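These numbers were taken from a predicted model, which means no experiment stands behind them. We count ligands from 1, going down the list as the structure has it; atoms in each ligand are counted the same way.
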Amino acid sequence: MKVSRSTAILLCAAVASAHPTSFTSEKFQSLISHESLLSDLKAFDQIASNNNGNRAFGKPGSVASVNYVKSRLEKSSRFKSWTHKFETASSNIELLSITINGKSYEIRMPLGWAGGEVRDLDITAPLAVLDWGSPGTCEHPYYNNNTDTTGKIVLMRWVNCHNPGRHSPHVDMSSSALGYIFYKDNYEPLGVSKRSMISNMVKREQHPFSFMSMSRADGLELTSRLHAGEELIARVQFKTSPIKIESQNVIAETKAGDPNKVILLGAHLDSGANSPGINDNASGAALLLALFDAINQGKFRPKNKIRFAWWAGGQEFLNLGSANYVLNLSKKETDDILLYLNFDMVSRGNFGVYDGDGSRYGYYGYPGSEIIEKLFEDYFTSMGLPVRPVHWHGDSDYYSFMSPDLAIKPVGGLHGGDGLLEDACWQQTCDNLANANVTHLEINTKAAAHALYVLSQTYKEVIPLVPYNHTAAQMAGY
Ligand SMILES: *[C@@H]1O[C@H](CO)[C@@H](O)[C@H](O)[C@H]1NC(C)=O
Ligand SMILES: *[C@@H]1O[C@H](CO)[C@@H](O)[C@H](O)[C@H]1NC(C)=O
Ligand SMILES: *[C@@H]1O[C@H](CO)[C@@H](O)[C@H](O)[C@H]1NC(C)=O
Ligand SMILES: *[C@@H]1O[C@H](CO)[C@@H](O)[C@H](O)[C@H]1NC(C)=O
Ligand SMILES: CC(=O)N[C@H]1CO[C@H](CO)[C@@H](O)[C@@H]1O
């Protein structure tokens, strides 16, 4: 940790002086209800059961989830709530197939990329492999530039080592390749940073198709055959039709608190395509609802305004809900947001705290992020619980608040992990009620209550209020 001992002492002193005796963080935490968390998870599980087993973006289960959250927020005299509607151009995939030397391979259109791509293709062309360039590190994220990909279908390994907005692998999309097929460890959608998405999207119209993905095993097999000199001919058939997906973020904000100083907390509400999404991410949604309930009791009067957001379109859709929200804020509204806290997959796995200061993974958030990290870490440590720093992969809604194209704020929050050890049911049908550990969620929710308490009462004392300076941010590498 880079935060010094004296900062830590200062932090405690600030909290103590703001609330000498009255309403403490402990009292606020005691308002978090295990039963409320459980009943919200049950409700989301039931919504999935009633809607073909999922709550995915653009599907009836996500609409029902939005309506459920809205119904939970209604009739509060202490909150103002509203929905932020937006429309996304997307496409239905009607046919997607690839055969290589006559053999059929399983292929997917990464969902984020499928949005809006309208095609009717049947192309046959040689397959070429584009290797990771030398030295091939994340600091030098380039593919070999000297491979001739003209008129070819290009196979490449996706290297997922970017820091949002910083080192994203660079693909030379100006080539005359017919299209690109990636492989990585599994079928998860590509973890592309939004910046590379935007720049690539601008150019993708040059190619008959932009990006598809295949399994790692297939990708490795084909790569080694190409390296051995075998000639491979691929046939790609790809047919889509355009659709528009209407979606909404649900927002609730305390009536109390300084309107020029808003603490924003968010969680994406949708599940993956074939999953009830209880850990991912009904758990984050339930955490926010439990905080809402606790504040709604009226005992805690925040100095700063507190705003909750249940985002539509999670990582699979490149954080569409939060990105749309941020893009539609005025400059003043953006400036009024002090910081953003994100909660993702918090009902099992690690007590994972985003690596605000970059001490573990080298990538850091905007100044203030290190203080948020420390607040959470100290909380878990004081409870004798093991803390794990979590890397910023750009794969959740915090990214909309760490991107020069959108907004840059101090960021933090909790994420239990999506690895096999942390959640073997990640984005699968078994991510149902039984996959959640409500005791674990309760601990995380109390940690969130503590951080929210400190930040909403004493923000200025713990994080200096410095107006956003674009030049300085660029110089710092954002
Ligand atoms: C964007 O903001 C404007 C002005 O604040 C508002 O009128 C409009 O409804 C918003 N649009 C969306 C899609 O949220
Ligand atoms: C590819 O091109 C970039 C500039 O566009 C360059 O910085 C990089 O070193 C090149 N990579 C290789 C492997 O030649
Ligand atoms: C549930 O979570 C708590 C807190 O992390 C943990 O102590 C407990 O072992 C977990 N229960 C199960 C069944 O994994
Ligand atoms: C923004 O940061 C740059 C670089 O540190 C500095 O030169 C400039 O004075 C700052 N601008 C403001 C308005 O503070
Ligand atoms: C449905 C969805 O977008 N889930 C994402 C939740 O967050 C984790 C990491 O923060 C992603 O890996 C999931 O894809």
Side-chain angles (χ1 to χ4, degrees), residues 34 37-38 41 44 48 54-59 61-62 65 110-112 115 160 164 184-194 247 266-285 287 310-323 340-355 361 380 383-402 411-428 431 433-447:
H34 186 97
L37 290 165
L38 176 61
L41 292 185
F44 287 120
N54 71 74
R55 302 181 304 102
F57 183 62
K59 296 282 168 15
S62 90
S65 300
L111 289 171
N160 196 2
K184 50 188 280 191
D185 287 338
N186 49 31
Y187 274 123
E188 70 183 285
L190 303 177
V192 221
S193 86
K194 193 156 284 139
S247 196
H268 75 86
L269 184 55
D270 301 318
S271 70
N274 302 308
S275 171
I278 297 307
N279 187 39
D280 179 12
N281 188 29
S283 65
L287 178 150
W310 290 265
W311 307 119
Q315 185 255 350
E316 284 182 302
F317 286 89
L318 298 152
N319 310 319
L320 262 181
S322 51
Y340 175 69
L341 301 180
N342 196 67
F343 299 93
D344 215 334
M345 307 180 70
V346 282
S347 66
R348 56 178 301 130
N350 306 318
F351 294 108
V353 177
Y354 289 116
D355 187 21
Y361 293 103
F380 288 117
M383 308 272 294
L385 295 167
V387 189
R388 278 279 273 280
V390 175
H391 46 54
W392 306 102
H393 260 332
D395 55 1
S396 196
D397 293 287
Y398 57 76
Y399 186 53
S400 301
F401 300 86
M402 352 174 38
V411 281
L414 304 176
H415 172 44
D418 52 24
L420 271 183
L421 282 178
E422 293 100 33
D423 187 354
C425 285
W426 180 62
Q427 298 202 352
Q428 296 170 51
D431 184 14
L433 189 60
N435 193 41
N437 176 337
V438 184
T439 305
H440 192 90
L441 176 58
E442 187 183 345
I443 296 170
N444 274 330
T445 308
K446 287 183 172 164

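Put simply, atom 7 (O) of ligand 3 has no protein non-hydrogen atoms near it, under 4.0 Å away. Taking a distance limit of 4.0 Å, we find that atom 13 (C) of ligand 3 is approached by no protein heavy atom.
For the pair H34 and T439, the minimum side-chain heavy-atom distance is below 4.5 Å. Within the 4.5 Å cutoff, side-chain heavy atoms of Q427 are placed close to those of D280. Side-chain contact between Y354 and N342 is present, with heavy atoms from C-beta onward closer than 4.5 Å. Within the 4.5 Å cutoff, no side-chain heavy atoms of T445 are placed close to those of F343. By the 4.5 Å heavy-atom criterion applied to side chains, P276 and F44 are not counted as neighbours.
Considering backbone and side-chain N/O atoms, D270 never comes within less than 3.5 Å of an N/O atom of ligand 5. Of the N or O atoms in Y354, none lie within a sub-3.5 Å distance of an N or O in ligand 5. Any N or O atom pair closer than 3.5 Å counts here, and D418 shares at least one such pair with ligand 5.
Counting atoms of ligand 5 from 1 in the listed order, those under 4.0 Å from a heavy atom of G272 are 1 (C). Atoms of ligand 5 found under 4.0 Å from any heavy atom of S396, numbered from 1 in the order shown, are 10 (O).
In this structure, the ring of Y398 has its center less than 6.0 angstrom from the ring center of W392.
Ring-plane geometry between F380 and F351 is classed as tilted, the angle between the planes lying from 30 to 60 degrees on a 0 to 90 degree scale.
When only non-hydrogen protein atoms are considered, atom 5 (O) of ligand 3 lies nearest to H440 ND1, 2.8 Å.
When H415, H268, R55, H391 are checked for heavy-atom proximity to atom 9 (C) of ligand 5, H415 turns out nearest. Heavy-atom proximity to atom 1 (C) of ligand 3, evaluated over N350, I443, N437, is greatest for N437.
Taking the side chain to side chain donor-acceptor pair (under 3.5 Å) definition, one finds that N279 meets it with S347, D423, sequence neighbours left out.
In this structure, F57 does not count as a contact residue of ligand 5, since none of its heavy atoms falls inside 4.0 Å of the ligand. For the ligand labelled ligand 5, residue D344 lies inside the 4.0 Å heavy-atom shell.
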